[in-house]
Amino acid sequence: MAGARNYPLQTVEGVFRDFEGRRAGMIKAFTTDFEEFYEQCDPEEENLCLYGFPSEQWKVDLPEEEVPPELPEPTIGINFARDGMHQMDWLTLVSVHSDAWLLAVAFFFASRFRFGKTERKHLFNMINDLPTLFEVVTCTAEKKSSSSETMQSKYEHEEEKSVQDMDGGDPLSFEEVFRDFKGRRAGLLKAFTTEFEEFYQQCDPEKENVCLYGIPSEQWEVDLPEEEVPPELPEPAIGINFARDGMHKKDWLSLVAVHSDAWLLAVAFNFGARFKFNKTNRERLFDEINNLPTLFEVVESSIQKEVKKKSSSSENGSNESTSNLKEGSESEDKDQR
């Protein structure tokens, strides 16, 4: 990235540069700085996260205190799993969650900056041209045990492998992962549209930090974050209820929609990493997802329709009032005659 041209963050290239920087920082944590990273993930500490920064640096730190956070948060509690797993298995787990987080951050920006379908596809293609953190970690480990095999050749070999579960269990197919995505998305759409009033009431600022979950059965649920740390899947943005009364209702809904879009993508590609989807399968999955409007686009479209409807009603009311005034004036003229 040295000497790379600077792009505004609001562009596809700018978001990709941000992604590259964060990814480079995490690769350092997983490779050249691994011993330091491992030591900092002390299970005796509180819940810790691994952050990658656009400056190509990394940091192990507590989660952001601000809720809901400005950006999607990395998986919390990675330190608690450290000593209960083989070192390589733990690193693999963290890399899978980190891949999902990087994608969530990139496409959070994509929603916030209103990238269209074509721009989202362009961004994903650039990201997908790079090996995932999971692939880097597994290639590095095997490179150490087999010096004759380079990382690149190993990466190319991974492209030819069938989808396998990293845990050795039954893998989910591409179709099953996309079906899971559609079910969760459909549930969230209900919360944002036909069941919005119920959703709004459940996000009471007097409650503790709550999250909005989309469930594969096309249902939604407002609940506390998972107690298990690190969680099995990426967690939605926490504390969405605390922002509810401090914002206009429509602005709050748009904010939750943007975070929910990022979360859906993180969950789908967490599955993709766990079941070792190669570059081709990742692209297939993204294309299917990208053919659907984002939650943010659905919410924005709904808001615009509502504004037009109110504006139209207001104009009709104004015209009726003008007509009534005119009729009243004519009637008065006749009476005076």
Side-chain angles (χ1 to χ4, degrees), residues 1-42 45-82 90-113 115 123-124 126-137 140 229-231 234-239 255 258-259 261-263 265-266 269-270 273:
M1 288 179 62
R5 178 181 169 186
N6 289 325
Y7 293 91
L9 183 58
Q10 294 85 348
T11 65
V12 172
E13 290 76 12
V15 173
F16 178 63
R17 292 287 177 252
D18 181 275
F19 174 93
E20 275 191 311
R22 295 177 191 275
R23 174 181 176 274
M26 291 181 140
I27 287 177
K28 288 179 184 176
F30 296 155
T31 55
T32 56
D33 297 348
F34 177 69
E35 291 304 321
E36 181 184 354
F37 165 57
Y38 189 81
E39 289 300 320
Q40 288 191 27
C41 291
D42 184 351
E45 300 286 343
E46 298 182 54
N47 282 325
L48 295 175
C49 306
L50 171 63
Y51 293 89
F53 296 105
S55 59
E56 303 187 16
Q57 302 303 311
W58 61 272
K59 181 171 72 168
V60 171
D61 204 354
L62 295 170
E64 284 290 327
E65 293 184 4
E66 178 186 359
V67 288
E70 183 181 358
L71 292 175
E73 281 285 280
T75 295
I76 67 170
I78 57 172
N79 51 317
F80 293 146
R82 195 195 73 175
W90 174 75
L91 180 57
T92 299
L93 174 68
V94 177
S95 70
V96 167
H97 277 295
S98 298
D99 275 322
W101 176 69
L102 286 175
L103 210 58
V105 171
F107 282 88
F108 177 89
F109 283 134
S111 283
R112 207 166 81 179
F113 300 137
F115 287 3
L123 174 60
F124 181 80
M126 290 194 290
I127 289 172
N128 201 35
D129 281 339
L130 300 171
T132 65
L133 296 174
F134 170 74
E135 288 168 340
V136 171
V137 164
T140 301
V229 286
E235 283 284 279
I238 67 170
L255 174 67
V258 169
H259 273 291
D261 277 323
W263 175 70
L265 210 60
F269 281 88
N270 179 280

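In this text the structure is predicted, and so the values were computed from the model without any measurement.
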Calculate, to the nearest 0.5 Å, the distance between atoms CD and CZ belonging to E39 and R82 respectively.
6.0 Å
Taking only residues two or more places apart in sequence, or in another chain, which ones meet R22 in a salt bridge (charged side-chain N to carboxylate O under 4.0 Å, His left out)?
D18
Indicate, with yes or no, if the rings of F107 and F269 have centres closer together than 6.0 Å.
no
With rounding to the nearest 0.5 Å, note down the distance linking SG in C49 to CH2 in W101.
9.5 Å
Is any side-chain heavy atom of F108 closer than 4.5 Å to a side-chain heavy atom of D261?
no
Mind checking side chain to side chain contact (heavy atoms under 4.5 Å, CB included) for S55 and listing every partner two or more places apart, or none if nothing turns up?
F53, Q57
Would you say that S98 contacts F30 through its side chain, given a criterion of any heavy-atom pair below 4.5 Å between the two side chains?
yes
Sequence neighbours excluded, the answer for side-chain hydrogen bond (donor to acceptor under 3.5 Å, both in side chains) partners of W58 is D33
Minimal non-hydrogen separation, F115 against V12, with atom names
CZ-N, 3.6 Å
State whether the side chain of R23 and the backbone N or O of L133 hold a donor-acceptor pair below 3.5 Å, judged by distance alone.
no
So, do V137 and F34 sit near enough that their side-chain heavy atoms are less than 4.5 Å apart?
no
Looking at every heavy atom in both F134 and V96, which two are closest together, and how far apart are they?
CD1-CG2, 3.8 Å
Compare all side-chain heavy atoms of V105 with those of F19 and state whether any distance is below 4.5 angstrom.
no
For D61, check side-chain hydrogen bond (donor to acceptor under 3.5 Å, both in side chains) against everything at least two apart and list the hits.
K59
What's the spacing between L123 CG and F109 CZ if we round to 0.5 Å?
11.0 Å
Could you go through residues 62-79 and list every donor-acceptor pair under 3.5 Å that involves a side-chain atom there, pairing it with any protein atom two or more places apart or in another chain?
unit_1 : atom_1 : unit_2 : atom_2 : d
E73    : OE1    : Y51    : OH     : 2.6
E73    : OE1    : E64    : N      : 2.9
E73    : OE2    : Y51    : OH     : 3.4
T75    : OG1    : H97    : ND1    : 3.0
N79    : OD1    : L48    : N      : 3.1
N79    : ND2    : D42    : O      : 3.0
N79    : ND2    : E45    : O      : 3.4
N79    : ND2    : E46    : O      : 2.9

Counterpart residues, side chain to side chain contact (heavy atoms under 4.5 Å, CB included), relative to Q10 (two or more places apart):
P8, F113
